[in-house]
*Asks:* 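One structure, as C-alpha cells, below. Some questions next.
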Amino acid sequence: MTILIINGPNLNMLGKRNPEVYGTETLEDIEKMIEGYADEKGIRTEFFHSAHEGALVEKLNEAYGKYDGVIINAGAYTHYSYAIRDAIEILKVPVIEVHLSDIHAREAFRNISVIEPVCTKQIAGFGSKGYLMAVDAILEGK
Ligand code: DQA
C-alpha cells in the first residue's frame, strides 16, 4: 500500500509561519512523522509540495491508478480552486483533506472548502496529528 501526501502553498514555511496558528514543526518534521507512522503500519509514503495550482493538478492527475490513497492539504487553494476540486474528483481512491488549523473557526473565507464535497473526509484543527488521523482514515477505508 502506498499513499501520496500533497501539501500546497505556504506549507513549506511551517515553523516560521504564524506558529500560534500552525505550530512550530516544519514541513520536513511533519513529513518524517507521517513516514514513521505509516512505516509502522506497513504503508509506503510519497510526498509532494508545490505552491503552484497547475503543479498540484498535474500531480493529482499522475496519481490516477498509482496510489491507494491521497492526503491533501491544499492550503489557500482549498477555498477557491475548482481545478484542484475537479482533479480530486477523478481519483478512485480515498482522498483525505487535512488542515492544521480549524478552518471553520477562522476568517469567513476559510469556512468554505470547495474540495470537501469530492474528498472522502475532512480533518481540520488537530495540528500535524491530523495527517496521522488521515493515514488511519485511509486504512479504515473511510
Ligand atoms: C490550512 C488552512 C488554509 O486556510 C490556509 O490557507 C493554509 C493552511 C491549514 O492547514 O490549516 O495555507 O490549509
Side-chain angles (χ1 to χ4, degrees), residues 1-41 43-64 66-142:
M1 189 169 186
T2 307
I3 59 175
L4 173 67
I5 298 96
I6 297 178
N7 281 288
N10 298 311
L11 292 160
N12 55 313
M13 298 304 285
L14 290 175
K16 298 188 184 79
R17 178 187 183 193
N18 305 26
E20 63 290 352
V21 176
Y22 297 115
T24 52
E25 290 162 287
T26 65
L27 183 57
E28 202 190 339
D29 293 336
I30 293 174
E31 288 181 345
K32 280 199 184 122
M33 181 186 71
I34 300 167
E35 191 178 18
Y37 187 77
D39 197 49
E40 279 171 23
K41 295 178 184 261
I43 304 168
R44 279 187 297 271
T45 44
E46 283 181 33
F47 297 93
F48 183 75
H49 163 264
S50 180
H52 301 277
E53 184 179 21
L56 295 168
V57 169
E58 284 174 3
K59 192 69 188 180
L60 286 161
N61 292 166
E62 282 167 25
Y64 187 91
K66 212 171 151 188
Y67 300 97
D68 301 289
V70 175
I71 296 171
I72 184 164
N73 184 345
Y77 288 135
T78 302
H79 312 300
Y80 65 93
S81 175
Y82 297 112
I84 291 175
R85 181 217 178 276
D86 286 353
I88 291 170
E89 191 177 31
I90 296 166
L91 299 179
K92 302 250 186 285
V93 293
V95 180
I96 314 296
E97 173 188 2
V98 170
H99 301 284
L100 295 154
S101 65
D102 181 1
I103 57 169
H104 302 288
R106 298 183 62 197
E107 302 96 317
F109 77 89
R110 294 187 207 273
N111 295 172
I112 291 171
S113 164
V114 301
I115 70 171
E116 184 177 14
V118 292
C119 286
T120 313
K121 189 174 186 170
Q122 182 190 77
I123 297 171
F126 295 94
S128 59
K129 191 176 169 237
Y131 290 93
L132 308 186
M133 293 161 72
V135 171
D136 288 338
I138 289 175
L139 269 180
E140 288 157 20
K142 279 183 189 157

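Just the heavy atoms: all of them, side chains too, but no hydrogens, waters or symmetry mates, feed the values below. As the structure lists them, so they are numbered: ligands from 1, and atoms in each ligand from 1. Positions are given from 1 along the sequence.
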*Asks:* Indicate every side-chain donor-acceptor pair of residues 50-57 with a distance under 3.5 Å to a residue at least two apart or in another chain.
*Replies:*
residue, atom, partner, partner atom, Å
Ser50, OG, His52, N, 2.9
Glu53, OE2, Ser81, OG, 2.5

*Asks:* Residues two or more places apart in sequence or in another chain: which of them pass side-chain hydrogen bond (donor to acceptor under 3.5 Å, both in side chains) with Glu89?
*Replies:* Arg85
*Asks:* Got a sec: does the OH of Tyr82 have more than 12 other heavy atoms crowding it under 6.0 Å?
*Replies:* no
*Asks:* Side chains of Ile3 and Tyr67, heavy atoms from C-beta outward: is any pair under 4.5 Å?
*Replies:* no
*Asks:* Within the protein, flag every N or O under 3.5 Å from an N or O of ligand 1, and note the pair and distance.
*Replies:*
residue, atom, partner, partner atom, Å
ligand 1, 4 (O), His79, NE2, 2.7
ligand 1, 4 (O), Arg110, NH1, 2.8
ligand 1, 6 (O), Ala76, N, 3.1
ligand 1, 6 (O), Arg110, NH1, 3.1
ligand 1, 10 (O), Asn73, ND2, 2.8
ligand 1, 10 (O), Leu100, N, 2.8
ligand 1, 11 (O), Leu100, N, 3.2
ligand 1, 11 (O), Ser101, N, 2.9
ligand 1, 11 (O), Ser101, OG, 2.6
ligand 1, 12 (O), Arg17, NH1, 3.1
ligand 1, 12 (O), Arg17, NH2, 3.0
ligand 1, 13 (O), Asn73, OD1, 2.8
ligand 1, 13 (O), His99, ND1, 2.8

*Asks:* Only counting residues at least two apart or in another chain, list the ones meeting side-chain contact (heavy atoms from CB on, under 4.5 Å) with Met1.
*Replies:* Ile43, Asp68, Ile138, Leu139
*Asks:* Between Gln122 and His104, does a side-chain hydrogen bond (donor to acceptor under 3.5 Å, both in side chains) hold up when you go through it step by step?
*Replies:* CA-CA 11 Å; Gln122 182 190 77; His104 302 288; 2.7 Å; yes
